[in-house]
Protein chains: 2
Amino acid sequence: MKPQQKSAYHHGDLKEALVEATREIIESEGLDQFTMRESARRAGVSHGAPAHHFGDKTGLLTELAVQSFEARVAQSEAYMAEAGDDPMARLRACGLAHIDYTIRHPRLHELCSRPDMTNRDDPHLQAVITRMSEMLIATMSEVAGHELKPEKEANPETLLALVVVHGFAALVNDGMILADVPDAERPARARVLAEGVMGLLEKAFRAPRE
Amino acid sequence: MKPQQKSAYHHGDLKEALVEATREIIESEGLDQFTMRESARRAGVSHGAPAHHFGDKTGLLTELAVQSFEARVAQSEAYMAEAGDDPMARLRACGLAHIDYTIRHPRLHELCSRPDMTNRDDPHLQAVITRMSEMLIATMSEVAGHELKPEKEANPETLLALVVVHGFAALVNDGMILADVPDAERPARARVLAEGVMGLLEKAFRAPRE
DNA sequence: ACCTTTATCTAGACAGCGACAAGATTGGGG
DNA sequence: CCCCAATCTTGTCGCTGTCTAGATAAAGGT
């Protein structure tokens with residue numbers, strides 16, 4: 001019953017092994033270096049095996065994208081739990097968590113933001129994205145003091161928060177800032193900069209009634 | 001001397017024709033649909049012809065990226081010239097110009113932000129990116145009232161401006177907002193939202209001395 | 001006018017890719 | 001015990017990017 005290779009056939013947990021191999025390829029070599037055949041090679045199976053579990057290339061990548069989103073949400077929940085009960089502190093923690101995850105896993109984030117490589121109609125993918133959106137709206141609602149509409153573009157504060165988190169991480173990953181900083185130090189340096197930007201932002205947040 | 005096809009050989013302006021074909025493929029079909037062979041087909045030459053002018057796939061895409069950056073910078077300059085002399089108005093125009101270009105040409109912007117598909121060491125590419133950065137710093141310096149350092153991460157205001165422009169456009173192109181709006185209306189709708197966000201932001205900008 | 005040089009483009013080959021189909025192997029339910 | 005369904009292999013197809021050698025045409029010197 002162990003998920004070891006009992007024989008050439010019936011690997012035991014090939015599906016997860018393929019996803020894991022794919023994650024390793026993408027995180028170390030980059031998204032364009034991934035091929036189904038290379039994943040099969042690393043899992044020690046033939047080049048046609050992955051198709052049986054995932055249908056096609058998009059299917060495999062979609063499964064990895066789902067797992068990445070879940071890890072992102074989990075990290076965000078952990079940061080927020082650590083932040084205590086103050087709504088603004090929880091919002092900051094949420095933003096910093098997303099920025100941190102995006103910078104620590106730039107290739108996975110790239111995968112997650114590429115509709116041409118993932119199946120946007122996949123129910124698991126839709127579910128985790130929905131869950132992530134609801135988390136944000138709930139957090140923003142606590143700060144606002146009343147229930148906000150689920151449409152993110154409905155109120156400028158939600159939009160601004162999204163824009164800053166998304167934009168800051170993208171700026172780092174696109175090499176427009178902190179490009180010369182070693183990878184290991186980048187998350188810490190980014191956090192300092194992000195806190196500075198967020199400090200500036202709170203002026204805009206604390207005076208919502210003009 | 002006309003750049004028409006004088007004969008099968010010596011197209012006359014094949015290099016530019018290939019770049020143009022590549023632009024059309026990418027803007028209409030997407031970045032992953034582009035192949036050197038398809039560009040050659042559209043230009044009416046053999047599959048090996050592009051390599052002579054660009055070396056390899058990256059060379060061709062780099063040339064297109066350079067042209068895209070130049071168009072972006074040109075549009076930004078036009079918006080700013082139209083905005084008059086007020087520094088804050090010029091900064092707003094600069095930001096709106098970048099957002100507009102990014103949303104109108106999402107595939108080209110994707111190309112420009114993918115180091116794995118373009119040669120970052122290309123001198124033309126470096127030149128136009130440098131020119132773009134200098135424009136931003138100069139514009140921010142006018143607003144600040146004194147000369148800012150060229151490092152974008154040096155002062156929070158510059159960073160925040162970058163973050164918001166970059167992030168807003170990315171949010172739209174990633175389908176996280178305005179996803180249900182038809183392509184034709186999206187730039188106009190985005191502009192309204194962007195002006196709203198920028199209005200919120202000016203509170204943070206107008207009180208730089210805490 | 002001729003001939004050579006050089007830039008340009010063609011044509012063919014190669015390995016690697018994703019997808020598909022057909023077959024081999026294995027484990028579990030009747 | 002046996003058959004069935006799930007799992008994995010093997011071979012094939014058209015496509016890709018890149019490399020090579022060769023064909024063609026324009027330009028320039030004499």
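Side-chain contact between Ile99(A) and Val172(A): absent, with no pair of heavy atoms (C-beta onward) separated by less than 4.5 Å. With contacts defined as side-chain heavy-atom distances shorter than 4.5 Å, the pair Phe168(B)/Ile177(B) qualifies. The closest side-chain heavy-atom distance from His53(A) to Glu63(A) is not below 4.5 Å.
Rounded to a whole Å, the CD1 atom of Ile25(B) is 13 Å from the C1' atom of dT16(D). Across the protein-nucleic acid pair, Asp13(B) atom CG and dA26(D) atom C1' stand 16 Å apart, rounded to whole Å. Atoms CG (Leu14(A)) and P (dT26(C)) sit 16 Å apart, rounded to a whole Å. Taking atom CG on Asp32(A) and atom C1' on dT16(D), their separation rounds to 14 Å, with Å as the unit.
Within a 6.0 Å radius of CZ in Arg41(A), other residues, nucleotides and ligands contribute more than 12 heavy atoms.
Taking CZ of Arg114(A) as the start and CG of Leu111(A) as the end, the distance is 8.5 Å to the nearest 0.5 Å. Interatomic distance, CG of Leu160(A) versus CG of Leu160(B), reported as 7.5 Å (0.5 Å rounding). One distance of note links CD of Glu151(A) with OG1 of Thr158(A); it measures 10.5 Å at 0.5 Å rounding.
Side-chain contact annotation: Arg72(A) with Thr102(A), donor-acceptor N/O pair under 3.5 Å present.
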Pairs under 3.5 Å (N/O, protein and nucleotides 10-12 of chain D):
unit_1: dG11(D); atom_1: O6; unit_2: His47(A); atom_2: NE2; d: 2.9

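Every ring-ring contact (aromatic ring centres under 6.0 Å, His included) that Tyr101(A) has, sequence neighbours left out, goes to His105(A). With sequence neighbours excluded, no residue satisfies salt bridge (charged side-chain N to carboxylate O under 4.0 Å, His left out) with Asp32(A).
Using a 4.0 Å cut-off on heavy atoms, the residues of residues 52-64 of chain A that approach DNA chain D are His52(A), His53(A), listed by number. A heavy atom lying under 4.0 Å from DNA chain D marks none of the residues of residues 112-121 of chain A.
Contact annotation: Arg41(A) does not reach the phosphate of dG16(C) (side-chain N/O to OP1 or OP2, under 4.0 Å).
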When the side chains of residues 187-194 of chain B are checked against the rest of the protein, which donor-acceptor pairs come out under 3.5 Å, sequence neighbours left out?
unit_1: Arg191(B); atom_1: NE; unit_2: Glu195(B); atom_2: OE2; d: 3.2

